[in-house]
Amino acid sequence: MEDKMKSLLLENGDFEPAFQNDILDFIFAKSKRLRPLTVFLIKNMFNSSDDKLVDLAIALEILHSATLVHDDIIDNARIRRLNPAFNFKYNPQIAVILGDYLLSLSLKLLSKIGSAAVFSYFADNTLKICKGEINQFFNKEKTVTIEEYLEKSKNKTSSLFLCGAKSALHLINKEKLLSNGENDAILDFVLNFSLAFQIYDDIENFKSDFEALNTEKQSSDLKNGIYTLPFLYISQQNHLYDIINLNKDDKVYKEALEFSKNYKDKILNEAQNSINKLNDEYNTSLFIKLADVFKN
């Protein structure tokens with residue numbers, strides 16, 4: 001996948017060398033690659049040899065990268081994957097075009113796959129990402145409910161995971177007929193796992209924010225008035241309904257951390273229970289191990 005993705009970027013990018021290198025550094029910087037990983041887990045589950053699944057995984061990762069570039073513009077972020085963000089190193093205008101360029105590359109790969117259904121999944125879930133971003137903007141510095149937080153996470157995070165999973169299952173269905181129950185079990189795993197991963201990521205940012213209280217190292221979410229699960233727990237416990245000021249209260253911090261970790265692990269257990277519904281003929285062990293990686 002990595003070599004194929006690099007070839008795609010080099011073949012279609014006739015840019016100034018330093019800018020081209022910055023794009024490659026960004027795309028190939030250390031990251032979890034969880035969205036394409038779910039595609040490959042499904043591919044492995046059914047022993048599929050369809051090369052279109054590799055193109056699907058690449059299209060998914062490049063689309064995710066496009067959303068990150070645009071997120072950094074919205075958040076006025078300075079760092080992405082330990083490197084200067086494009087909106088900071090260059091300017092927001094060129095970063096917008098870069099995000100659109102990466103989106104176009106993703107669309108080019110999708111057209112190569114040649115499936116109207118897959119194209120529809122990507123279009124639908126890209127709309128959900130935009131919807132989640134817009135709703136988040138209008139909820140700045142508001143302490144929403146946990147249910148609203150999860151709904152936002154479904155749109156902003158889970159939608160892309162589900163897009164890849166639904167697309168992979170559609171392509172594999174041409175080789176092997178799956179029952180509705182089998183489809184649902186896989187999609188339920190992907191939905192719950194992606195939600196848990198978002199909570200995991202928010203917990204890591206919360207820990208960093210507490211250590212870097214009132215410094216430039218605070219996460220862009222907190223500085224922009226976007227409250228994640230640990231902060232929502234604090235707001236509920238203290239009956240706060242507007243701007244949250246995080247204080248050096250070790251007891252509150254530990255309680256929020258413990259609540260969030262338990263909430264995350266509960267969702268990961270639900271993900272594993274979903275995938276365990278499949279028959280023994282399917283290789284589900286890697287799904288179980290993936291969920292275990294993000295447990296307490």
Side-chain angles (χ1 to χ4, degrees), residues 1-2 4-6 26-46 48 53-72 80-82 102-103 106 109-110 118 121-122 125-126 128-129 132-133 150 152-169 171-172 185-206 208 219 221 228-229 260-261 263-272 274-275 283-296:
M1 172 183 160
E2 300 284 334
K4 197 169 185 179
M5 187 158 58
K6 187 172 184 178
F26 163 62
I27 295 292
F28 294 103
K30 185 178 179 181
S31 64
K32 298 179 181 68
R33 297 266 197 267
L34 291 178
R35 291 152 190 85
L37 177 59
T38 56
V39 171
F40 285 117
L41 288 182
I42 293 170
K43 184 178 186 292
N44 177 72
M45 172 184 281
F46 298 104
S48 174
L53 291 171
V54 178
D55 288 336
L56 171 64
I58 295 173
L60 197 64
E61 183 64 16
I62 290 178
L63 176 57
H64 173 55
S65 298
T67 66
L68 295 181
V69 173
H70 284 159
D71 278 351
D72 288 343
R80 170 64 67 180
R81 293 174 176 171
L82 302 181
L102 293 173
L103 171 61
S106 179
L109 265 181
L110 291 177
V118 170
Y121 289 140
F122 270 74
N125 286 283
T126 303
K128 289 179 179 177
I129 293 172
E133 195 67 55
L150 292 174
K152 180 206 75 173
S153 297
K154 286 179 183 178
N155 284 328
K156 284 199 65 183
T157 302
S158 299
S159 58
L160 209 51
F161 279 89
L162 287 169
C163 171
K166 288 178 180 178
S167 298
L169 288 170
L171 294 174
I172 289 172
I186 296 167
L187 294 178
D188 284 347
F189 173 89
V190 173
L191 172 60
N192 285 310
F193 171 75
S194 59
L195 284 175
F197 168 68
Q198 181 61 61
I199 295 172
Y200 167 85
D201 200 45
D202 290 340
I203 290 170
E204 293 303 303
N205 284 334
F206 175 71
S208 298
S219 71
D221 278 352
T228 55
L229 186 62
S260 301
K261 286 181 177 180
Y263 204 100
K264 165 184 62 69
D265 288 353
K266 176 187 173 186
I267 297 177
L268 286 171
N269 286 336
E270 290 174 4
Q272 291 175 322
S274 295
I275 207 70
N283 181 12
T284 61
S285 61
L286 293 178
F287 287 84
I288 302 298
K289 289 178 181 178
L290 177 62
D292 282 338
V293 168
F294 293 92
K295 283 190 177 179
N296 239 339

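Using a 4.5 Å cut-off on side-chain heavy atoms (C-beta onward), Asp201 and Thr228 make no contact. Within the 4.5 Å cutoff, no side-chain heavy atoms of Lys30 are placed close to those of Arg81. Counting only heavy atoms from C-beta outward, the side chains of Leu187 and Leu169 approach each other to under 4.5 Å. Residues Leu103 and Leu63 are in side-chain contact: their nearest non-hydrogen atoms beyond the backbone lie under 4.5 Å apart. Contact of the Ile42 side chain with the Leu53 side chain is not registered, since no non-hydrogen atoms from C-beta on lie closer than 4.5 Å. The shortest distance between side-chain heavy atoms of Phe46 and Ile186 falls below 4.5 Å.
The minimum heavy-atom distance linking Gly164 with Val39 is given by the pair O-CG2, 3.9 Å. Across all non-hydrogen atoms, the minimal contact from Val54 to Met1 is CG1-CA, 4.5 Å. When all heavy atoms are compared, the tightest approach of Phe122 to Ser167 is CE1-OG, 3.8 Å. Considering every non-hydrogen atom in both Arg35 and Leu60, the closest pair reads O-CD2, 3.4 Å.
With Glu61 as the partner, the salt bridge (Lys or Arg N to Asp or Glu O under 4.0 Å) test is satisfied by one option alone out of Lys32, Arg33, Lys6: Arg33.
For residues 284-293, the salt bridge (Lys or Arg N to Asp or Glu O under 4.0 Å) pairs, not counting sequence neighbours, are Asp292-Lys295.
Residues that satisfy the side chain to side chain contact (heavy atoms under 4.5 Å, CB included) test with Thr38, not counting sequence neighbours, are Phe161. Every residue meeting the side chain to side chain contact (heavy atoms under 4.5 Å, CB included) condition with Ile129, not counting sequence neighbours, appears here in chain and number order: Thr67, Ser159, Leu160. A search for salt bridge (Lys or Arg N to Asp or Glu O under 4.0 Å) contacts involving Lys4 returns Asp55, not counting sequence neighbours. Taking Lys166 as the reference, nothing meets the salt bridge (Lys or Arg N to Asp or Glu O under 4.0 Å) condition, with sequence neighbours excluded. With sequence neighbours excluded, the residues satisfying ring-ring contact (aromatic ring centres under 6.0 Å, His included) with Phe294 are Phe193, Phe197, Tyr200.
For the atom pair Lys266 NZ and Asn192 CG, the distance stands at 10.5 Å (nearest 0.5 Å). The structure places CG of Leu110 at 7.5 Å from CG of Leu56, a figure rounded to the nearest 0.5 Å. Taking OG from Ser274 and CZ from Phe189, the interatomic distance works out to 9.0 Å, rounded to the nearest 0.5 Å. Atom CG of Leu290 sits about 6.0 Å away from atom CG of Leu41, to the nearest 0.5 Å. Leu195 contributes atom CG, which lies 9.5 Å from atom CD of Glu270 (distance to the nearest 0.5 angstrom). Atom CG of Leu171 is separated from atom OG of Ser48 by 8.0 Å, given to the nearest 0.5 angstrom.
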side-chain contact (heavy atoms from CB on, under 4.5 Å) between Leu150 and Gln198, intermediate numbers included: CA-CA 9 Å; Leu150 292 174; Gln198 181 61 61; over 6 Å; no
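A donor-acceptor contact shorter than 3.5 Å is absent between the side chain of Ser106 and the backbone of Leu102. Between the side chain of Thr157 and the backbone N or O of Lys154, no donor-acceptor pair lies under 3.5 Å. Formation of a donor-acceptor pair under 3.5 Å by the Asp265 side chain with backbone atoms of Asn296 is found in this model.
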